[in-house]
Amino acid sequence: MSQKKYDAIVIGSGFGGAMTAYQLVRAGMRVLMLERGDWVPRTPENWGLQGSIDLTPFYDKSSPLRVLKGGNKKTMGLYSCVGGPSVFYGGVSFRFRERDFEPNPEITGHSGAEWPLRYSDLEPYYTHAETILNISGETGADPTEPPRSAPYPQGPAPLADISRRVKKGAEHFGLRPFQLPLAINYSDGMRNGCVNCPTCDTYACAISAKNDLSVMVLPALIKDGLTLKTNAVATRLLATNGRIHAVEYADKTSGERAHFEADRVILSAGALASPQLLLASGLQAKNPGGSVIGRYLMRHVNAIVFGIFPEQADKENRFHKQLAILDYYFGYPGSSFRKLGSLQQMPTPSKGLVQQAIPGFLGKWVSQGVPLLTGLLAIAEDQPQFSNCIAIDSSQKDVFGLPQAVITHRYSKRDLAALQMLTGVAKKIMSRSGALTHYVHHIRTFSHAVGTVRMGVNPTQSALDEYCRFRGIDNLYVVDGSFMPTSAALNPSLTIAANALRVGEMIAKL
Ligand SMILES: Cc1cc2nc3c(=O)[nH]c(=O)nc-3n(C[C@H](O)[C@H](O)[C@H](O)COP(=O)(O)OP(=O)(O)OC[C@H]3O[C@@H](n4cnc5c(N)ncnc54)[C@H](O)[C@@H]3O)c2cc1C
Ligand code: SF4
């Protein structure tokens with residue numbers, strides 16, 4: 001058994017873990033980070049047919065999650081690598097809007113969800129996160145953008161021809177498309193710049209031009225003293241007298257089991273794995289809001305409307321995930337919705353992705369047609385529902401001894417109606433841009449999972465206080481996407497990052 005003691009242990013190297021560690025290491029603390037995945041090697045194969053995340057070893061099936069309802073598979077793996085899914089993500093880096101933090105019964109219903117903070121509390125940390133990740137964007141062009149204290153660190157890249165065409169198609173309806181904020185390097189001459197390859201979302205960047213956490217944050221923290229232990233699966237948090245005194249882990253490669261001790265423990269294993277670990281450790285019994293741990297799982301309600309064009313949609317064969325349309329974020333004229341969602345450009349899918357979705361000869365045949373496609377992703381806000389949850393089944397254990405996580409998820413009628421309205425708009429834009437017809441692909445993964453260990457003011461309705469401290473345990477914080485009371489209708493990573501910088505700053509001052 002390892003006995004070394006740290007100032008803090010951070011579990012998980014994704015957005016929540018990396019940004020909290022950033023503050024603690026900068027404050028001079030001795031920090032150990034446990035990460036169940038490994039570094040993703042960068043070779044030309046990152047962009048190959050097998051490069052999409054679910055086809056790589058970083059879709060980790062060693063702790064299989066059982067899906068009772070919802071999802072795209074009956075058994076799911078976890079996205080595990082140094083930097084978490086940021087290595088494979090789309091890089092879209094939005095701030096939530098001011099009204100996303102305010103009470104809205106249309107979304108929250110009787111769920112008791114409420115944000116204990118406001119946009120203005122997070123604003124400085126959004127700015128800091130954008131700087132750390134060197135986000136590129138079009139300052140002032142987003143019609144629903146909240147106030148910002150600084151412009152984007154980088155301007156956007158020029159639009160591809162197909163993006164210009166889609167922009168014109170949207171403008172025909174009086175909409176105001178603008179360029180997506182992206183975590184991609186266009187301006188730092190000291191590093192590889194983006195070469196606009198046609199694979200990005202779901203692929204690791206072979207030349208590290210994507211500004212993911214394994215490029216922008218973790219190597220610098222290691223230089224400054226962070227101890228990163230890879231292939232280390234946290235299996236239990238051991239509590240005595242209202243404090244976590246040790247974190248047990250299993251080494252994935254050697255099978256060795258050991259524990260580490262620290263004054264503080266920061267749990268950031270993601271919105272699926274964090275509630276699993278809390279429940280497996282029996283910590284629900286210590287928390288007055290213990291009965292909601294694992295509950296209120298949200299994941300957005302998403303679909304891609306692919307326009308099918310008469311000829312190659314993107315003749316330049318280049319990256320074109322570039323546009324956002326947020327005119328209907330706060331509802332659709334004439335409808336009862338006061339909150340709807342966002343549309344974001346989705347590029348022509350890679351052949352590898354299609355072959356992954358449709359295995360065998362059929363997939364190979366269908367994938368020949370993908371150059372005719374380009375799309376718009378519709379993201380609608382989903383409602384927090386008590387019945388949508390991660391539970392554990394202690395009768396089924398994985399190789400590390402963790403009880404199996406079991407997921408149940410159903411969309412509400414409102415979720416589905418909101419999505420339908422947004423996809424209707426996307427179809428019109430695609431047609432106006434030259435598409436002959438459409439194909440709607442529903443996204444059923446849990447890639448935007450949030451909400452399972454939420455923060456709040458009411459101690460019986462939320463497991464975390466306003467600084468993400470786990471009620472009932474003085475030295476435990478949960479900072480991954482599970483802290484969110486509602487999901488908003490925008491990609492979650494920048495909000496998780498900003499909140500983790502806020503919480504990390506507070507922990508460092510204690
Ligand atoms: C393909 C894809 C594309 C995406 N694109 C975007 C996008 O464009 N914009 C956006 O905002 N969001 C995007 N997302 C979502 C975004 O990546 C997540 O919201 C975000 O990474 C969640 O951050 P987190 O801190 O909650 O946890 P994660 O980033 O998931 O980090 C959790 C980490 O904990 C580790 N871990 C899990 N269990 C254990 C354990 N027991 N012990 C030790 N370590 C453990 C995991 O390996 C992982 O590294 C995308 C996701 C995917 C999968
Ligand atoms: S589009 Fe740019 S950042 Fe994305 S994978 Fe290709 S080169 Fe890398």
Side-chain angles (χ1 to χ4, degrees), residues 2 6 8-21 31-41 53-66 75-89 204 212-214 217-218 221-222 226-238 244 246-260 262 265-281 390 392 396-405 407 445-447 449 452-453 476-482 493 496 500:
S2 180
Y6 290 87
I9 295 175
V10 177
I11 301 169
S13 64
F15 281 97
M19 293 300 185
T20 308
V31 180
L32 169 70
M33 181 177 273
L34 299 177
E35 167 52 58
R36 70 175 288 152
D38 211 334
W39 292 92
V40 177
I53 185 166
D54 283 22
L55 301 175
T56 70
F58 303 101
Y59 183 63
D60 179 351
K61 297 178 192 144
S62 57
S63 298
L65 293 94
R66 182 154 36 107
T75 306
M76 278 176 22
L78 280 171
Y79 299 126
S80 290
C81 59
V82 173
S86 79
V87 175
F88 293 86
Y89 82 150
D212 67 61
L213 299 165
S214 77
V217 179
L218 295 163
L221 291 187
I222 290 166
L226 172 75
T227 305
L228 171 66
K229 190 160 176 52
T230 57
N231 296 303
V233 182
T235 51
R236 209 148 166 235
L237 309 178
L238 301 175
I244 303 295
V247 176
E248 266 182 17
Y249 76 96
D251 189 299
K252 260 201 323 193
T253 42
S254 67
E256 179 205 358
R257 286 167 185 279
H259 74 260
F260 283 109
V265 175
I266 291 92
L267 175 57
S268 191
L272 302 181
S274 282
Q276 178 190 19
L277 191 54
L278 292 169
L279 295 172
S281 305
I390 311 273
I392 55 168
Q396 305 286 325
K397 300 242 164 99
D398 67 15
V399 286
F400 314 111
L402 268 171
Q404 185 168 43
I407 301 178
T445 65
F446 286 86
S447 56
T452 47
V453 193
L476 175 62
Y477 302 82
V478 183
V479 294
D480 54 53
S482 36
S493 65
I496 300 170

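Residue numbers count from 1 along this sequence.
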Main-chain N/O of Ser13 paired with Glu35 side-chain donor or acceptor, under 3.5 Å: yes

Reported OG1-to-CD1 distance for the pair Thr20 and Ile266, which is rounded to 0.5 angstrom: 6.5 Å

Residues Leu272, Met76; criterion side chain to side chain contact (heavy atoms under 4.5 Å, CB included); working and verdict: CA-CA 11 Å; Leu272 302 181; Met76 278 176 22; 3.9 Å; yes

Partners meeting side-chain contact (heavy atoms from CB on, under 4.5 Å) with Leu238 (sequence neighbours left out): Arg236, His245, Ala246, Glu248

Residues that Ser493 engages under side-chain contact (heavy atoms from CB on, under 4.5 Å), provided they are two or more places apart: Phe15, Tyr89

For Phe58, all residues meeting ring pair (Phe, Tyr, Trp, His ring centres under 6.0 Å), sequence neighbours excluded: none

Closest heavy-atom pair and its distance - Asp398, Phe400: OD1-N, 2.8 Å

Nearest heavy atoms of Val87 and Cys81, plus distance in Å: CG2-SG, 4.0 Å

With Tyr477 via side-chain hydrogen bond (donor to acceptor under 3.5 Å, both in side chains) - residues at least two apart: Arg469

Option from Ile392, Val453, Val478 for which side chain to side chain contact (heavy atoms under 4.5 Å, CB included) with Pro275 holds: Val453

Pairwise side-chain contact, Phe446 with Leu65, heavy-atom cut-off 4.5 Å (strictly under): no

Minimum-distance pair of heavy atoms, taken over all atoms of Leu402 and Ala280: CD2-CB, 4.1 Å

Separation between CG of Leu279 and CG of Leu277, rounded to the nearest 0.5 Å: 9.0 Å

Reported OG1-to-CG distance for the pair Thr230 and Asp251, which is rounded to 0.5 angstrom: 8.0 Å

Closest non-hydrogen atom pair between Val40 and Ala204, with its separation: CG1-CB, 4.1 Å

Qualifying residues under side-chain hydrogen bond (donor to acceptor under 3.5 Å, both in side chains), relative to Thr445, sequence neighbours excluded: Ser447

Shortest non-hydrogen separation from Leu237 to Ser281 and the atoms involved: N-OG, 2.9 Å

Partners passing ring pair (Phe, Tyr, Trp, His ring centres under 6.0 Å) against Tyr59 (at least two apart in sequence or in another chain): Tyr79

Any donor-acceptor N or O pair under 3.5 Å, side chains Ser62, Arg36: yes

Side-chain donor-acceptor pair present, Asp480, Ser274, cut-off under 3.5 Å: yes

Non-hydrogen atoms of Thr452 and Ala271 that approach each other most closely: OG1-O, 2.7 Å

Pair Asp38 + Lys252: basic N to acidic O under 4.0 Å: no

